[in-house]
Amino acid sequence: GLLYEERVKISTTLGGTTYYQDVDKPSRAVLAPMYVMQAVFTTLAISQSSSTPCDPQNQITVSLALNVPLFRCCSAAISLQSLFAAPNSGSPWSTSQSIALQDLSAPGFTNAFGSRIDFDAGSGSLVLSVSGATVAGQLYVLRFTTQNAAPSGDW
C-alpha cells in the first residue's frame, strides 16, 4: 500500500498567488486530484457587550476560524442569521444597511473581511463578505456595534 505522511501541505493557486494549507492525517480522497475539501468552522463564537436588549449601543464580537481558506474571487461570504428579532417599522433594523466592522485579529494578518458588514432586513441576517483571502486555521475576531431603538414603555 501507499504510505502517507502524518501531515501534508496542500497548495491552491488563484490569481498568481499560492495559498498553503496544512492537513493532519489526510485520507486518500484529500490527496486525490480535483478534490474540494468541505469548509467547516473550527471555531465559531459570538458574544455581546450588553445583556440588555434595548441597550442603544451593543458591541457584537464574532470569532471564527475555518479549516479551508476562503477567496474573494469565489464571492465567498458568511451569513450570520437569527441574531435579531423581526424588526418593527420603527426599528433601526427595519431597513437594509451597511455597518462599520472592526478587525481585532492577530497582528500580521490582513483584514480578509473589509471594513463593513451588511445587514439584510429582508432575511434578518448579517452578511460578512470576503474581501481578501483568509488563511485556513487562522482565528479572525471581528466586532461591530448595533444601534438599537430606545425602548417605548415598560416591558
Side-chain angles (χ1 to χ4, degrees), residues 5-15 17-32 34-87 91-149:
E5 297 286 331
E6 287 290 314
R7 188 169 183 84
V8 297
K9 189 173 289 244
I10 297 175
S11 66
T12 304
T13 303
L14 289 171
T17 303
T18 302
Y19 302 91
Y20 295 96
Q21 174 185 355
D22 287 329
V23 178
D24 287 322
K25 299 180 184 176
S27 67
R28 283 189 165 96
V30 170
L31 299 174
M34 302 301 292
Y35 175 79
V36 177
M37 189 178 294
Q38 179 180 357
V40 176
F41 287 105
T42 56
T43 301
L44 180 58
I46 300 175
S47 62
Q48 60 185 11
S49 63
S50 175
S51 61
T52 307
C54 59
D55 189 337
Q57 292 202 343
N58 191 7
Q59 291 186 334
I60 308 293
T61 303
V62 178
S63 302
L64 58 93
L66 289 117
N67 65 326
V68 296
L70 298 178
F71 302 103
R72 185 185 74 172
C73 62
C74 299
S75 300
I78 296 171
S79 179
L80 305 173
Q81 299 176 340
S82 303
L83 289 179
F84 303 98
S91 167
W93 299 105
S94 61
T95 58
S96 295
Q97 57 187 294
S98 181
I99 305 164
L101 183 66
Q102 180 183 8
D103 185 4
L104 305 173
S105 303
F109 282 90
T110 305
N111 182 350
F113 297 100
S115 61
R116 314 282 308 163
I117 187 169
D118 296 316
F119 176 70
D120 180 2
S123 66
S125 63
L126 289 160
V127 179
L128 188 59
S129 298
V130 175
S131 61
T134 66
V135 176
Q138 167 62 36
L139 179 65
Y140 293 92
V141 181
L142 309 165
R143 179 179 292 155
F144 58 93
T145 302
T146 62
Q147 301 293 323
N148 297 315

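Worth saying up front: this structure is predicted, and the values here are computed from it rather than measured.
- Separating the OG1 atom in Thr134 from the CZ atom in Phe71 is a distance of 7.0 Å, to the nearest 0.5 Å.
- Partners of Ser115 by side-chain contact (heavy atoms from CB on, under 4.5 Å), not counting sequence neighbours: none found.
- To the nearest 0.5 Å, the span separating OH on Tyr140 from CG on Leu66 amounts to 9.0 Å.
- Rounding to the nearest 0.5 Å places CG of Asp120 at 11.0 Å from CD of Gln97.
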For this session: Go through Leu70 and Ile78 one step at a time and tell me if the side-chain contact (heavy atoms from CB on, under 4.5 Å) criterion holds.
Result: CA-CA 10 Å; Leu70 298 178; Ile78 296 171; 4.1 Å; yes
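- Using a distance-only test at 3.5 Å, with no hydrogens or angles considered, no donor-acceptor pair links the side chain of Ser50 to the main chain of Asn58.
- Among residues two or more places apart in sequence or in another chain, the side-chain hydrogen bond (donor to acceptor under 3.5 Å, both in side chains) test is passed with Ser129 by none.
- Atom OG1 of Thr61 is separated from atom CZ of Phe144 by 8.5 Å, given to the nearest 0.5 angstrom.
- For Ser131, there are no side-chain hydrogen bond (donor to acceptor under 3.5 Å, both in side chains) partners at least two apart in sequence or on another chain.
- In this structure, Leu128 and Leu101 have side chains that are in contact, with non-hydrogen atoms separated by less than 4.5 Å.
- Nearest heavy atom pair, residue Ser98 against residue Arg116, reads O-NH2, 2.8 Å.
- Rounding to the nearest 0.5 Å places CD1 of Ile117 at 6.5 Å from CD1 of Ile99.
- Taking each heavy atom of Asn67 and Gln38 in turn, the nearest pair found is ND2-O, 3.1 Å.
- To the nearest 0.5 Å, the span separating CG on Leu126 from CD1 on Ile60 amounts to 8.5 Å.
- The closest side-chain heavy-atom distance from Leu64 to Phe113 is below 4.5 Å.
- Counting heavy-atom neighbours within 6.0 Å of Arg72 CZ, excluding the residue itself, gives a total of 12 or less.
- Smallest separation of non-hydrogen atoms from Gln57 and Ser49: O-OG, 4.4 Å.
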